[in-house]
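Note that ligands are numbered from 1 as they come in the structure, with each ligand's atoms numbered from 1 the same way.
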Amino acid sequence: MHDYQAPPELLKDKVILVTGASDGIGRAAAIEYARLGASVILLARDQNKLARVYDHIESLDCPQPAMIPLDLAIAEPTAYQTLANMIEREFGRLDGILHNAAVLGPITPLEQYEDGTWDQVMHVNLRAPFLLTQALLPNLRAADQASVIFTSSSVGRHARAYWGAYAISKAGIESLCQIWAEELGRLTRIRFNCINPGATFTAMRRSAFPAENPEKLRRPEEILGLYNYLMGSDGAHLQGMSLDAQPDL
Ligand SMILES: NC(=O)c1ccc[n+]([C@@H]2O[C@H](COP(=O)([O-])OP(=O)(O)OC[C@H]3O[C@@H](n4cnc5c(N)ncnc54)[C@H](OP(=O)(O)O)[C@@H]3O)[C@@H](O)[C@H]2O)c1
């Protein structure tokens with residue numbers, strides 16, 4: 001699955017929302033999904049960075065994307081409902097969500113972890129994927145088949161000292177994915193799975209491991225096989241799984 005070669009029209013006519021689409025893995029996945037034929041809804045905080053991804057996709061002659069500047073640290077359910085209404089109006093349905101946006105927060109002992117920072121990390125990394133999925137269920141139900149991908153981390157599966165709210169939010173994401181899958185897997189045509197990208201050369205990785213040699217890391221564009229497999233019809237049999245994008249690490 002991780003070395004999956006996507007057929008060129010894998011996502012033709014699909015509508016896919018990617019959070020954290022302005023940078024790193026989300027940016028690479030959004031561009032890849034557009035190249036494979038999807039109309040991609042790009043969501044992130046930084047409007048200028050989002051606009052650059054938007055322009056890049058337009059320059060590739062892919063389906064026209066949409067751009068949603070939104071701060072997931074402070075967004076409330078009304079913002080997600082507004083997004084659901086917009087998707088309903090503009091596209092009529094949603095075929096996939098890649099929940100990718102996250103913040104690292106400080107690498108620090110829990111004893112010194114500040115409550116405001118805790119809340120911010122939990123809002124972006126766990127509360128937003130929950131509320132966004134909940135608000136967009138009617139859009140996902142309107143698709144023939146829909147794929148929801150959550151983004152985990154190795155510290156979400158096995159916690160490590162000093163990784164604080166980030167690790168705890170990622171453990172929560174694994175549970176969130178399993179519960180959606182168990183509750184809706186048999187009742188709907190929506191599948192819910194989780195990807196652990198593994199060490200990848202991005203701004204987040206640099207801030208977690210500033211002394212690391214970037215030459216040793218894969219680039220976001222190099223880890224997308226599993227992202228394509230789970231989003232497209234070839235991964236339609238998978239439900240409630242937690243998979244590694246780089247199982248060789
Ligand atoms: N890179 C790795 O080695 C690695 C390893 C394991 C797991 N992961 C996971 O993979 C995913 C992508 O990570 P990455 O390394 O690509 O990170 P990144 O380069 O730091 O990108 C994070 C993305 O999230 C968006 N974001 C952050 N805060 C936001 C907010 N408040 N509201 C809306 N969007 C927000 C950022 O956009 P703006 O700044 O424009 O808001 C950016 O597009 C994350 O879930 C991360 O936990 C990464």
Side-chain angles (χ1 to χ4, degrees), residues 2 17-32 40-54 56 65 67-76 79-80 83 97-105 107 116-117 119-132 148-160 163-174 176-177 193-210 212-214 216-224 226-227 230 242-247 249:
H2 63 283
L17 170 68
V18 178
T19 74
S22 62
D23 212 342
I25 298 167
R27 176 185 185 279
I31 294 168
E32 177 80 344
V40 182
I41 304 167
L42 309 163
L43 187 154
R45 202 175 23 180
D46 186 320
Q47 190 154 358
N48 293 329
K49 274 164 50 185
L50 267 184
R52 284 199 287 277
V53 180
Y54 182 101
H56 182 72
M67 206 172 94
I68 309 289
L70 188 65
D71 186 345
L72 297 173
I74 55 173
E76 285 302 329
Y80 301 130
L83 176 59
I97 307 175
L98 172 59
H99 288 292
N100 162 85
V103 286
L104 182 63
I107 305 289
T117 315
D119 287 346
Q120 195 209 357
V121 173
M122 286 297 180
H123 266 249
V124 178
N125 296 10
L126 187 55
R127 187 176 188 264
F130 160 57
L131 289 175
L132 203 43
V148 179
I149 302 174
F150 295 94
T151 308
S152 183
S153 166
S154 49
V155 292
R157 294 183 184 157
H158 196 94
R160 218 177 298 151
W163 283 71
Y166 178 82
I168 295 164
S169 70
K170 294 300 187 181
I173 277 289
E174 298 265 352
L176 181 68
C177 176
N193 294 287
C194 210
I195 294 181
N196 168 24
T200 311
F201 182 53
T202 66
M204 183 185 286
R205 181 75 194 183
R206 270 199 310 280
S207 69
F209 298 96
E212 186 174 49
N213 178 1
K216 298 208 162 135
L217 298 174
R218 294 202 177 98
R219 302 293 187 264
E221 296 73 18
E222 297 174 284
I223 67 155
L224 296 178
L226 182 61
Y227 286 78
L230 286 181
S242 184
L243 301 164
D244 290 316
Q246 304 182 70
L249 290 186

Inset, instruction - Using modelled atom types only, decide if a donor and an acceptor are shared between the side chain of H99 and the backbone of F150 within a distance under 3.5 Å. - result: no
Legend entry - Within-shell test, L70 vs ligand 1, heavy atom, strictly < 4.0 Å: yes
Legend entry - Sidechain-backbone polar pair: Q246 side chain, A199 backbone, donor-acceptor under 3.5 Å: yes
Inset, instruction - For G24, counting its heavy atoms only, list the atoms of ligand 1 lying under 4.0 Å from any of them. - result: 16 (O), 19 (O)
Legend entry - Separation of N193 CG from I149 CD1 (nearest 0.5 Å): 7.5 Å
Legend entry - Audit row: L217, T200, side-chain contact (heavy atoms from CB on, under 4.5 Å) steps and yes/no: CA-CA 6 Å; L217 298 174; T200 311; over 6 Å; no
Inset, instruction - Would you check whether S152 reaches within less than 4.0 Å of ligand 1, judged by its heavy atoms? - result: yes
Legend entry - Side chain K49, main chain A21, donor-acceptor under 3.5 Å: no
Inset, instruction - For ligand 1, find out whether one of its N or O atoms is nearer than 3.5 Å to an N or O atom of L72. - result: yes
Inset, instruction - Between M204, Q246, R45, flag the one that comes closest to atom 28 (N) of ligand 1 by a heavy atom. - result: R45
Legend entry - V103 contact mode with ligand 1 (heavy-atom cut-off under 4.0 Å): side chain
Inset, instruction - Would you check whether P197 has a nitrogen or oxygen atom less than 3.5 angstrom from a nitrogen or oxygen atom of ligand 1? - result: no
Inset, instruction - Between A29, A102, S22, A21, flag the one that comes closest to atom 36 (C) of ligand 1 by a heavy atom. - result: S22
Legend entry - Intermediate values then yes/no, side-chain contact (heavy atoms from CB on, under 4.5 Å), L83 and L17: CA-CA 10 Å; L83 176 59; L17 170 68; 4.3 Å; yes
Inset, instruction - Indicate the ring-plane relationship of F209 and W163, choosing parallel, tilted or perpendicular according to the 30° and 60° boundaries. - result: tilted
Inset, instruction - Report yes if S153 has an N/O atom closer than 3.5 Å to an N/O atom of ligand 1; otherwise report no. - result: no
Inset, instruction - Of the side chain and backbone of N100, name the one, both, or neither that has a heavy atom under 4.0 Å from an atom of ligand 1. - result: both
Legend entry - Heavy atom of K170, distance to ligand 1 below 4.0 Å: yes
Legend entry - Contact (N/O only, under 3.5 Å) between R205 and ligand 1: no
Legend entry - Heavy-atom check, side chain of R205 versus side chain of P214, under 4.5 Å: no
Legend entry - Contact with ligand 1 for S207, non-hydrogen, under 4.0 angstrom: no
Legend entry - F201 near ligand 1 by a heavy-atom separation under 4.0 Å: no
